[in-house]
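Just below is one structure, and these are the notes that go with it.
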Amino acid sequence: MVETLSVAVLGAPRVGKTAIIRQFLHQDFTDTYRPTEDRYTYRPSVIFNGNMYDVKILDVPYLAAFPANSSQEWLDLKCRGLRNTDAYVLVYDICTPGSFEYVKMIRQQIQENRTSSASEAPIIVVGNKRDLQRQRFTARRTLSVLVKKSWKCGYLECSAKYNWHIVLLFKELICSAVAQGCKSSHPAMRLQGALHRNRCRLM
């Protein structure tokens, strides 16, 4: 029996949301920027612990706000289904501090506005464009502590351009979504463990 897991990828414009997805699915990257105007859905298949999953990846255009209720969710096509998605990837550009402010806002709105019947969904905050960062880690280390300790979310840095940590990101997403009923470890701890194991096979 094939199960479906839905993952929404959100973030400010120009942070590399689509680039991350395309690198994961097609090992493809382009320096040409094209804004995402419509929502796209990708459906890779994944084997996790011997089970097959259809992963529904939602590449979501910039949202001024996360839908606060079902009316807002269904009036706008790009928002449909976001309030009960199985997991979220919140992407920011580590070279653009303002893009993290958007992540803070959207994460808070996700926490407040998910459907009451839906269980808590894993959230992983992703700092993209690591290849462009030449400074020391101090500011980003502060952000990672905020995300992991205060928000209790996963945190990971990656480079869509060089395919660095892209597969790791989606492996941990799937592992976290499948194991979201397990309360013995939060996503930040599971993310660190993913560096030392391979629990998922991507097809």
Under the criterion side chain to side chain contact (heavy atoms under 4.5 Å, CB included), I'd like the reasoning laid out for Ile123 against Trp151: C-alpha separation, chi angles, the key distance, then a yes or no. CA-CA 9 Å; Ile123 296 175; Trp151 297 359; over 6 Å; no

Let me see the working for Val15 and Val126 under side chain to side chain contact (heavy atoms under 4.5 Å, CB included), right down to the final yes or no. CA-CA 10 Å; Val15 296; Val126 178; over 6 Å; no

Walk me through whether Phe170 and Val55 qualify under side chain to side chain contact (heavy atoms under 4.5 Å, CB included). CA-CA 10 Å; Phe170 283 94; Val55 182; over 6 Å; no

Between Ile124 and Glu172, does the side chain to side chain contact (heavy atoms under 4.5 Å, CB included) criterion hold? Intermediate values first, please. CA-CA 9 Å; Ile124 295 184; Glu172 184 56 26; 4.0 Å; yes

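Annotation for Lys104: atom NZ does not count as buried by contact number, only 12 or fewer foreign heavy atoms lying within 6.0 Å.
Closest of all the heavy-atom pairs between Ala87 and Ala177 is CB-CB, 4.3 Å. Residue Ala8 comes nearest to Thr85 through the heavy atom pair N-CG2, 3.5 Å, listed as atom of the first residue, atom of the second, then distance. Scanning all heavy atoms of the two residues, the minimum distance from Gln23 to Lys161 falls at NE2-O, 3.7 Å. The two atoms that bring Arg130 and Trp164 nearest to each other are CG-CZ3, 3.5 Å, heavy atoms only.
Under a 3.5 Å cut-off, the side chain of Glu73 and the backbone N or O of Leu82 do form a donor-acceptor pair. At least one donor-acceptor pair under 3.5 Å links the side chain of Lys17 to the backbone N or O of Ala12. Formation of a donor-acceptor pair under 3.5 Å by the Thr96 side chain with backbone atoms of Ser99 is not found in this model.
Residue Arg107 holds its CZ atom at 9.0 Å from CD of Glu112, rounded to the nearest 0.5 Å. Interatomic distance, CD1 of Ile110 versus CE of Met105, reported as 9.5 Å (0.5 Å rounding). For the atom pair CG (Asn113) and CD (Gln72), the distance works out to 8.0 Å, reported to the nearest 0.5 Å. Note: Ser70 OG to Asn84 CG = 11.0 Å, rounded to the nearest 0.5 Å. Atom OG of Ser6 is separated from atom NZ of Lys56 by 6.5 Å, given to the nearest 0.5 angstrom. With rounding to the nearest 0.5 angstrom, the CZ atom of Phe24 is 9.5 Å from the CD1 atom of Ile166.
Cluster membership check: Ile94 does not share its hydrophobic cluster with Phe29, using side-chain heavy-atom separations under 4.5 Å among Ile, Leu, Val, Met, Phe, Trp and Tyr. By the criterion of side-chain heavy atoms lying less than 4.5 angstrom apart, applied directly or through intervening Ile, Leu, Val, Met, Phe, Trp or Tyr residues, Ile57 is grouped together with Leu168 in one hydrophobic cluster. Linking ILVMFWY side-chain heavy atoms closer than 4.5 Å, directly or via other members, places Val89 and Tyr40 in a single hydrophobic cluster.
For the 3.5 Å distance criterion, the side chains of Asp59 and Thr18 qualify, holding a donor opposite an acceptor.
Between Tyr92 and Glu101 the shortest side-chain heavy-atom distance does not fall below 4.5 Å. For the pair Phe100 and Val125, the minimum side-chain heavy-atom distance is below 4.5 Å. Side-chain atoms of Tyr62 and Tyr102, non-hydrogen and from C-beta on, do get closer than 4.5 Å to each other. Residues Leu173 and Leu5 are not in side-chain contact: their nearest non-hydrogen atoms beyond the backbone lie 4.5 Å or more apart. No side-chain heavy atom of Leu77 sits less than 4.5 Å from a side-chain heavy atom of Arg39. Within the 4.5 Å cutoff, the side chain of Asn128 has no heavy atoms near those of the Asp93 side chain. Taking the side chain as every heavy atom from C-beta outward, Arg83 and Pro67 approach each other to under 4.5 Å. The closest side-chain heavy-atom distance from Val9 to Ile20 is not below 4.5 Å.
Between Asp54 and Arg43, no side-chain nitrogen of the basic residue sits less than 4.0 Å from a carboxylate oxygen of the acidic one, so the salt-bridge criterion is not met.
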